[in-house]
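Below is one structure, written out as structure tokens; the observations come after it.
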Amino acid sequence: AQSVAQPEDQVNVAEGNPLTVKCTYSVSGNPYLFWYVQYPNRGLQFLLKYITGDNLVKGSYGFEAEFNKSQTSFHLKKPSALVSDSALYFCAVRLYNKLIFGAGTRLAVHP
Amino acid sequence: DTAVSQTPKYLVTQMGNDKSIKCEQNLGHDTMYWYKQDSKKFLKIMFSYNNKELIINETVPNRFSPKSPDKAHLNLHINSLELGDSAVYFCASSHDWSGAQETQYFGPGTRLLVL
């Protein structure tokens, strides 16, 4: 079955430090992977996606994600975290025309 | 300007009532979706419509009935509301349903509380 795992409930990082939010996937066939962010009391905002091509995908707000087929991972990264990056991050895999979401990882960036 | 909009933003109601949530997108997309986010923030798809036709129904109780009057609107009607229906309901849309690379764009959510 297609699934996505986000092994960390919460990630804490100091402002200015690099951040990584982890995601692993289990799919049959080619994976189509997405990252979304949810700010408090807001809807989900699309950050980036991997369909094919370069393993390093660049997205909104300075975020990027690295697709690693051998490790079945699609970790979200940012070189320098901002306090305003604090939010709930969801990894998702597309199955037919629906998104299967991970459980979400709360990112807390401390000043 | 809002691409995907939902009304109402908040909905507080009593058990047993019937309520509707409306969704509209101005992106010109053909496909629309309803997702449910539970109290633990877990997101799961409920329905998907393509050009007013139902294409996904994820074993949702038949108290939930989506209606798509045109491809820009997908409303969700819920009969006989139960406590467990309390959640945030998100509407989303995408250009079409068949392309795996299609990005889904989400509305701001409707927070439903059943008392």
Side-chain angles (χ1 to χ4, degrees), chain A residues 1-6 8-11 21 23 25 27-54 57 59-60 65 67 74 86-108, chain B residues 2-7 9-10 21 23-25 27 29-51 53-60 74 88-111 113:
Chain A
Q2 318 277 59
S3 65
V4 169
Q6 293 181 244
E8 302 153 317
D9 290 337
Q10 179 149 335
V11 170
V21 183
C23 172
Y25 64 89
V27 303
S28 53
N30 293 323
Y32 302 107
L33 298 158
F34 298 77
W35 275 102
Y36 284 83
V37 59
Q38 184 178 21
Y39 296 101
N41 298 317
R42 301 276 296 278
L44 278 79
Q45 295 181 32
F46 168 72
L47 278 179
L48 50 81
K49 64 183 177 185
Y50 173 82
I51 303 300
T52 187
D54 289 342
V57 179
S60 306
F67 172 70
F74 188 55
S86 299
L88 187 57
Y89 290 79
F90 289 96
C91 184
V93 63
R94 186 178 168 108
L95 172 63
Y96 303 113
N97 74 327
K98 62 186 178 184
L99 290 172
I100 308 296
F101 284 92
T105 297
R106 191 165 300 280
L107 173 66
Chain B
T2 304
V4 182
S5 59
Q6 296 178 227
T7 53
K9 190 173 181 180
Y10 299 97
I21 306 172
C23 178
E24 177 181 3
Q25 55 93 4
L27 297 167
H29 289 166
D30 284 346
T31 308
M32 297 183 72
Y33 312 80
W34 278 110
Y35 286 84
K36 179 180 180 181
Q37 186 176 42
D38 64 22
S39 58
K40 295 184 178 180
K41 305 295 184 184
F42 186 68
L43 272 158
K44 189 173 182 204
I45 189 156
M46 300 173 69
F47 300 104
S48 177
Y49 269 72
N50 184 68
N51 216 352
E53 291 191 19
L54 180 67
I55 51 175
I56 288 180
N57 182 342
E58 283 287 304
T59 60
V60 178
L74 180 62
V88 181
Y89 293 85
F90 286 103
C91 178
S93 74
S94 65
H95 185 253
D96 67 33
W97 69 275
S98 58
Q101 68 273 25
E102 290 296 332
T103 299
Q104 295 183 18
Y105 295 93
F106 285 75
T110 295
R111 284 151 184 81
L113 178 59

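Basis for what follows: all heavy atoms, side chains included, without hydrogens, waters or symmetry-related copies. Note on naming: letters A, B, ... go to the chains in the order of the sequence lines (proteins, then strands), and numbering restarts at 1 for each one.
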Region of Gln45(A) in contact with chain B, defined by heavy-atom distances below 4.5 Å: neither
So, the part of Leu88(A) with a heavy atom under 4.5 Å from chain B: the answer is side chain
Which heavy atom in Phe106(B) sits nearest to a heavy atom in Leu44(A), and how many Å separate them? CB-O, 3.5 Å
Tyr36(A) side, atom OH; Phe90(B) side, atom CZ - distance, nearest 0.5 Å: 12.0 Å
To the nearest 0.5 angstrom, please state how far the CG atom of Leu95(A) sits from the CD1 atom of Ile56(B). 8.0 Å
Which side-chain N or O atoms in residues 42-49 of chain B pair as donor and acceptor under 3.5 Å with protein atoms at least two apart or in another chain?
from: Ser48(B); atom 1: OG; to: Asn97(A); atom 2: ND2; distance (Å): 3.1
from: Ser48(B); atom 1: OG; to: Met32(B); atom 2: O; distance (Å): 3.4
from: Tyr49(B); atom 1: OH; to: Pro66(B); atom 2: O; distance (Å): 3.2

Go through the steps for Phe101(A) and Gln37(B) under the test side chain to side chain contact (heavy atoms under 4.5 Å, CB included), then give the verdict. CA-CA 11 Å; Phe101(A) 284 92; Gln37(B) 186 176 42; over 6 Å; no
Side chain to side chain donor-acceptor pair (under 3.5 Å) filter on Tyr35(B), not counting sequence neighbours, yields Gln104(B)
Lys98(A)/Glu58(B) ion pair, N-O < 4.0 Å: yes
Quick one: does any side-chain atom of Arg94(A) pair with a main-chain N or O of Glu102(B) as donor and acceptor, under 3.5 Å? yes
